[in-house]
Amino acid sequence: MSEYRYELATLTPREIEATSNLLRIVFPHAPHLTADYLTWMYAQNPAGGAVACNAWRGEELVGHMAAVPFAARVEGDAATAMIMQNGAIHPEHRGRRLQSHISAAMFEEGVRRGYAYCLGIGNRYSTGPLLTRFQMLRPLDARLGAGPLRRRRDDVVPSAESVWSDEAIGWRMANPRRRYSVRRGQLLAPTGWPGIGAILHEGLAAPDSGPRPPGPLRLFIGADPHIDFKRSAYVSIPRKLRPSPLNLVWRNLAGDTAAPDPKRILLRPLDLDVY
């Protein structure tokens with residue numbers, strides 16, 4: 001009999017507190033992973049509660065993985081999908097295939113809920129392990145510049161994309177660990193780098209609000225086939241200067257559906273919990 005038991009998360013306050021404690025052990029330089037932050041992310045999302053699985057040894061939480069659902073479109077058709085957010089194994093319990101058991105249960109629950117696919121973002125360390133369960137799509141664009149992001153004149157239909165309702169944007173802006181601002185229809189977040197704000201979303205029908213952006217420079221991280229970077233004042237950040245390659249990976253949850261065309265996939269910065 002295994003010394004571990006695997007359970008789908010119930011998102012109770014006690015369980016979320018235990019999850020926060022584990023995440024802060026595994027990610028000591030991520031102080032935002034508090035219980036109130038996880039409650040917001042996992043339990044208050046208007047698209048539904050997080051799909052998460054835990055590994056327990058007795059009463060100690062030693063493994064965790066979660067994905068957050070979102071409204072989506074696949075080749076223009078409405079769907080629901082999910083994106084990976086947190087995965088952690090306690091240092092004393094690694095090398096025992098806990099992550100394989102946890103992810104299998106999580107994907108099975110995503111299928112049971114009828115979700116179309118699951119996305120993940122891999123860095124230089126996690127991309128290899130993710131590719132045992134996911135398919136590589138593409139590295140995300142990382143660009144630095146100023147002003148608006150110019151749009152193409154052709155009407156590209158994204159192969160897959162998220163759909164952000166006003167309710168969903170309101171939830172995102174209620175993140176208890178971030179300070180957002182709106183300027184000229186752009187939703188912005190501080191990056192921690194002097195003079196640079198991150199663009200999370202464009203086209204908001206909302207007045208300017210929130211703290212003043214840190215400076216004129218803007219960071220864009222994502223994948224958007226509608227943006228014409230040749231007409232925008234944004235330059236690609238050289239890969240050797242990026243802290244992480246941010247590789248976008250995909251897993252089908254709906255039968256034998258083919259992977260989306262990576263040249264047409266739309267992943268907004270708002271989809272990522274980076275800022």
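Hydrogens, waters and symmetry mates are skipped; everything else that's a heavy atom, side chains included, is used. We're numbering straight along the sequence, starting at 1.
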Starting from the C-alpha separation in whole Å, work towards a yes-or-no answer on side-chain hydrogen bond (donor to acceptor under 3.5 Å, both in side chains) for Asp36 and Thr39. CA-CA 5 Å; Asp36 63 335; Thr39 297; over 6 Å; no
[atom1]/[X] to [atom2]/[Y] distance, rounded to the nearest 0.5 angstrom?
| X | Y | atom1 | atom2 | value |
| --- | --- | --- | --- | --- |
| Leu119 | Arg251 | CG | CZ | 13.0 Å |
| Glu7 | Asn54 | CD | CG | 7.5 Å |
| Leu267 | Leu140 | CG | CG | 5.5 Å |
| Leu248 | Arg138 | CG | CZ | 7.5 Å |
| Tyr275 | Leu270 | OH | CG | 14.5 Å |
| Asn45 | Met41 | CG | CE | 9.0 Å |

Non-hydrogen side-chain atoms of [X] and [Y] separated by less than 4.5 Å:
| X | Y | answer |
| --- | --- | --- |
| Ser159 | Glu75 | yes |
| Pro245 | Pro139 | no |
| Arg113 | Thr80 | no |
| Val26 | Arg94 | yes |
| Tyr180 | Arg172 | yes |
| Leu38 | Leu23 | yes |
| Leu131 | Asn247 | no |
| Asn21 | Leu61 | no |

Least distance between heavy atoms, [X] atom then [Y] atom:
| X | Y | answer |
| --- | --- | --- |
| Met65 | Ser103 | SD-CB, 3.7 Å |
| Tyr115 | Pro69 | OH-CB, 3.6 Å |
| Ala66 | Ala52 | CB-CB, 3.7 Å |
| Val74 | Ala79 | CG2-CB, 4.2 Å |
| Leu11 | Ala43 | CD1-CA, 4.3 Å |
| Arg183 | Gly210 | NH2-O, 3.4 Å |

Using modelled atom types only, decide if a donor and an acceptor are shared between the side chain of [X] and the backbone of [Y] within a distance under 3.5 Å.
| X | Y | value |
| --- | --- | --- |
| Trp164 | Ala71 | no |
| Ser20 | Ile16 | no |
| Arg268 | Ser162 | yes |
| Asp141 | Asp224 | no |
| Ser126 | Gly122 | no |
| Arg24 | His32 | no |
| Thr127 | Arg124 | no |
| Glu17 | Pro13 | no |

Would you tell me whether His101 and Tyr4 have side-chain atoms, one donor and one acceptor, within less than 3.5 Å of each other?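 Not at all, the side chains of His101 and Tyr4 share no donor-acceptor pair under 3.5 Å.
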In this structure, which one of Leu253, Val51, Val111 forms a side-chain contact (heavy atoms from CB on, under 4.5 Å) with Cys118?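 The passing option is Leu253.
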Under a single-linkage definition using a 4.5 Å side-chain heavy-atom cutoff for Ile, Leu, Val, Met, Phe, Trp and Tyr, are [X] and [Y] assigned to the same hydrophobic cluster?
| X | Y | value |
| --- | --- | --- |
| Leu98 | Phe134 | yes |
| Met173 | Trp40 | yes |
| Leu266 | Val68 | no |
| Leu130 | Ile121 | no |
| Trp171 | Val274 | yes |

Partner of Glu202 under salt bridge (Lys or Arg N to Asp or Glu O under 4.0 Å), chosen from Arg184, Arg150, Arg151: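 Passing option: Arg151.
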Checking side chain to side chain contact (heavy atoms under 4.5 Å, CB included) for the pair Leu219/Trp193: CA distance, chi angles, key distance, verdict? CA-CA 10 Å; Leu219 174 67; Trp193 295 90; over 6 Å; no
Whether Tyr117 and Phe70 hold their rings parallel, tilted or perpendicular, with breakpoints at 30° and 60°: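 Because their plane-to-plane angle is over 60°, the rings of Tyr117 and Phe70 count as perpendicular.
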Please tabulate, one pair per line, all N/O donor-acceptor pairs under 3.5 Å involving side-chain atoms of residues 82-90, not counting sequence neighbours.
{"residue": "Asn86", "atom": "ND2", "partner": "Tyr42", "partner atom": "OH", "Å": "2.9"}
{"residue": "His90", "atom": "ND1", "partner": "Glu92", "partner atom": "N", "Å": "3.1"}

Given Glu109 and Arg112, is the salt bridge (charged side-chain N to carboxylate O under 4.0 Å, His left out) satisfied, shown in steps? CA-CA 5 Å; Glu109 176 64 10; Arg112 189 192 70 78; 2.8 Å; yes
Within 45 degrees of the ring normal and closer than 6.0 Å to the centroid, is that where the cationic atom of Arg133 sits relative to Phe107? no
Running the 4.5 Å side-chain criterion over Ile, Leu, Val, Met, Phe, Trp and Tyr, what cluster does Phe220 land in, apart from itself?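 Members other than Phe220 - counting any ILVMFWY side chain reachable under 4.5 Å - are Leu149, Leu188, Ile199, Ile227, Phe229, Tyr234.
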